Number of protein chains: 2
Amino acid sequence: MIDKLIDDIQVRCSNCSLDTLCLPRGLSEREVERISEVIKRKKTLQRGESLYREGDAFKGILAIKSGTAKLIRDDQHGNEHIINILLPGELLGFDGFSGNRHSCSAIALETLSYCELPADDLETLCLKIPGLMREMFRHTGEKLNHDSQQIVRNKRPAEERLAAFLINLSERFHRRGFSSIEFNLPLTRQEMGNHLGLALETVSRQLKKFQDQGLITVNHKNIQIHDIPQLKKLYL
Amino acid sequence: MIDKLIDDIQVRCSNCSLDTLCLPRGLSEREVERISEVIKRKKTLQRGESLYREGDAFKGILAIKSGTAKLIRDDQHGNEHIINILLPGELLGFDGFSGNRHSCSAIALETLSYCELPADDLETLCLKIPGLMREMFRHTGEKLNHDSQQIVRNKRPAEERLAAFLINLSERFHRRGFSSIEFNLPLTRQEMGNHLGLALETVSRQLKKFQDQGLITVNHKNIQIHDIPQLKKLYL
DNA sequence: CGTATTATTGACTCCATTCAAAGATAGTGG
DNA sequence: CCACTATCTTTGAATGGAGTCAATAATACG
């Protein structure tokens, strides 16, 4: 009973600490109020549990509230390919837009809570709230840009890919109020490899090389970045 | 004067031979009539001319009427990366959805004619024609799927990438009423390399290998596919 | 017909993968 | 609390696929 009340309060986007990052970012106060009425707070997941699986029916656009997730596709050889990493305030589910079936799976990388803008309401809501439609288009556009950027980046040498990945994480953590120079990788070496198109050994060796060069300090999943400009130089 | 009349007639989607492939595919007859009123027929382009350039303001969603185009991003080293190839009836421009600026350039690969659904009308039209909004979402979803598929495929060996590329072209030509076993590549070896993340020499060698294996016959840009199932086996 | 672009082919090189083994960490249950 | 196991990470050595360099050939174009 109390839990339900708390949920009702927390799910209001205007009370959410992520309102400057998440869907509300591009919406007016009134518009946020209206989408708040249909946004559903979903149950918390543990590492390894899925937000949705490839082939699932599209149920709605999701927003990470806390924790991180990976967006993956499995190939015919049983290898996992990580298309993207999702941080709090980021949206996912757009891969379900075509054919109303998801073409990717979304898996929690750690304890994760999230919200859902149900598919049923999405269309009606877009008609009533033009700002929402614009935001949906903008977000899909950003996803497209991310993917094409990824296609380009994956052709570069291991050193550049990893440098770009670290800086990208750093900047995204920073925008969420975390430190940009010290954070924990939400991924294993294997997963970083899957994301960057490298063998896990290559990731390990490359991290060590950055450390030997004094650019970073690696301690298992903990990363300290000492020289952001130098790291950026490697791929810019 | 006469030209203008012809244009007015041709631009009506219901009279267009591509109406089963292009935007009209997912729309009712009435809906097609309504979008026809705002669709603009654009002037014909020659090889190398651009439909839009990276950084350009988003002006609308485009549809290829005849000819082919490439969607590219240039990296910091002046290398061109081909994100996608566009055939008649296919839509492009979605990379302009975020920030109202294009993040890619679209360049004609041969003489090309195309239509435009202007950005100004897009939003109002989506509000009036729910089917159009659904179609826009579906198309962006398909673009996302294509890109993530590309990310996965680009990690595979050269042989698989090229086989998949040839079969993909074959099937898309087929859907447009062309032969699936004989067609002209709209790309140079260099461009195929740029698309598949390979050196042009690798493309050339790999094509020769397929030919030596009796899978295809290559004659400059002309390709004859002799054994589609075997070619598919290489990557499935 | 000459020039520029595009394609083929060979030889060499190198970056990243693969294979292999050892070391470290976290989680589990006795 | 510690042993035990599974998972993850590091490091080395060898291999190989594709890139680079270079020269030639073929084609398209003005």
Side-chain angles (χ1 to χ4, degrees), chain A residues 46-48 70 75 77-82 107 109-111 152-166 184-213 216-223 234-235, chain B residues 46-48 70 75 77-82 107 109-111 152-166 184-213 216-223 234-235:
Chain A
Q46 299 305 315
R47 172 169 172 95
K70 58 181 176 183
D75 68 13
H77 308 275
N79 301 313
E80 165 179 307
H81 300 268
I82 301 184
I107 315 284
L109 287 168
E110 58 197 303
T111 305
V152 172
R153 181 91 8 93
N154 278 358
K155 295 174 185 171
R156 307 293 314 158
E159 182 184 63
E160 293 189 25
R161 293 190 221 178
L162 197 57
F165 175 69
L166 292 176
N184 289 314
L185 293 168
L187 303 171
T188 65
R189 301 288 187 266
Q190 174 71 67
E191 288 171 323
M192 276 192 272
N194 288 348
H195 183 42
L196 301 171
L198 300 169
L200 69 96
E201 294 94 330
T202 307
V203 174
S204 182
R205 276 186 262 263
Q206 203 62 52
L207 284 173
K208 185 175 193 298
K209 212 186 84 187
F210 285 157
Q211 178 163 257
D212 290 346
Q213 292 169 338
I216 64 174
T217 298
V218 195
N219 211 305
H220 316 300
K221 295 207 168 173
N222 184 267
I223 299 279
L234 292 177
Y235 65 89
Chain B
Q46 299 305 314
R47 172 170 172 94
K70 59 181 176 183
D75 69 12
H77 308 277
N79 301 312
E80 166 178 307
H81 300 269
I82 302 184
I107 315 283
L109 287 168
E110 57 197 304
T111 305
V152 172
R153 181 92 7 95
N154 278 357
K155 294 175 184 170
R156 307 293 314 159
E159 182 183 64
E160 294 189 25
R161 293 189 221 179
L162 197 57
F165 175 68
L166 292 176
N184 288 314
L185 293 167
L187 303 170
T188 65
R189 302 288 187 267
Q190 173 71 68
E191 286 170 326
M192 276 193 271
N194 287 349
H195 183 41
L196 301 172
L198 301 169
L200 68 97
E201 295 93 332
T202 306
V203 173
S204 184
R205 276 186 261 263
Q206 203 62 52
L207 284 174
K208 185 176 192 302
K209 212 185 84 188
F210 286 158
Q211 178 162 257
D212 291 346
Q213 293 170 338
I216 64 174
T217 298
V218 195
N219 210 305
H220 315 301
K221 295 207 169 173
N222 183 266
I223 299 279
L234 292 176
Y235 63 90

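In this text, all values refer to a predicted model and were calculated from it rather than measured experimentally. Sequence lines set the chain letters: A, B, ... in the order given, protein chains first and strands last, and positions in each chain run from 1. Heavy-atom basis, side chains included; hydrogens, waters and symmetry copies ignored.
Between the CG atom of B:Leu198 and the P atom of C:dA7 there is a distance of 15 Å, rounded to whole Å. Look at CG on A:Leu185: it is 13 Å from C1' on D:dT9, rounded to the nearest Å. Rounded to whole angstrom, the span from the CD atom of A:Gln206 across to the P atom of D:dT11 amounts to 13 Å. The distance between atom NZ of A:Lys208 and atom P of D:dC8, rounded to the nearest whole Å, is 22 Å. If you take NZ of B:Lys209 and P of C:dG10, they are 15 Å apart, rounded to a whole angstrom. Rounded to whole angstrom, the span from the CG atom of B:Leu109 across to the P atom of C:dT5 amounts to 18 Å. Here C:dC15 presents its P atom at 19 Å from CG of A:Asn154, a figure rounded to the nearest Å. Whole-Å rounding puts the A:Glu191 CD to D:dT9 C1' distance at 14 Å.
Side-chain contact between A:Arg205 and A:Leu198: absent, with no pair of heavy atoms (C-beta onward) separated by less than 4.5 Å. Between B:Asn194 and B:Leu187, the closest side-chain pair of non-hydrogen atoms is not below 4.5 Å. Two residues are said to be in side-chain contact when any heavy atoms from C-beta on lie closer than 4.5 Å; B:Arg161 and B:Tyr235 fail this criterion. The shortest side-chain heavy-atom distance between B:Phe210 and B:Glu159 falls under the 4.5 Å cut-off.
Ion pair A:Lys70/A:Glu80 flagged as a salt bridge, since at least one NZ, NE, NH1 or NH2 atom sits closer than 4.0 Å to an Asp/Glu carboxylate oxygen. B:Arg47 has a carboxylate O that lies under 4.0 Å from a charged side-chain N of B:Glu191, or vice versa, which qualifies the two as a salt bridge.
Considering only side-chain atoms of B:Ser204, the nucleotide from C:dT9, C:dA16, C:dT8 that sits closest is C:dT8.
Phosphate proximity of C:dT17 to A:Thr202: present, with a side-chain N or O under 4.0 Å from OP1 or OP2.
For B:Lys208, the NZ atom counts as loosely surrounded, since its 6.0 Å shell holds 12 or fewer non-hydrogen atoms of other residues, nucleotides or ligands.
Nearest-nucleotide positions on DNA chain C for A:Arg205 and B:Arg189 put B:Arg189 closer to the 5' end. Sequence order on DNA chain C of the closest nucleotides to B:Val203 and A:Gly197 puts B:Val203 first from the 5' end.
A side chain to side chain contact (heavy atoms under 4.5 Å, CB included) with B:Met192 is found for exactly one of B:Leu200, B:Thr202, B:Leu207, namely B:Leu207.
In this structure, the ring pair (Phe, Tyr, Trp, His ring centres under 6.0 Å) partners of A:Phe165, at least two apart in sequence or on a different chain, are A:His195.
Across the helix from C:dC1-D:dG30 to C:dG30-D:dC1, the helix axis at one end is tilted relative to the axis at the other end by 50° (nearest 10 degrees, each axis from five pairs).
Counting non-hydrogen atoms under 4.0 angstrom, B:Leu200 reaches a base of the nucleic acid.
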Is there any protein nitrogen or oxygen under 3.5 Å from a nitrogen or oxygen in nucleotides 22-30 of chain D, and what are the pairs?
unit_1	atom_1	unit_2	atom_2	d
D:dT27	OP1	B:His220	NE2	3.0

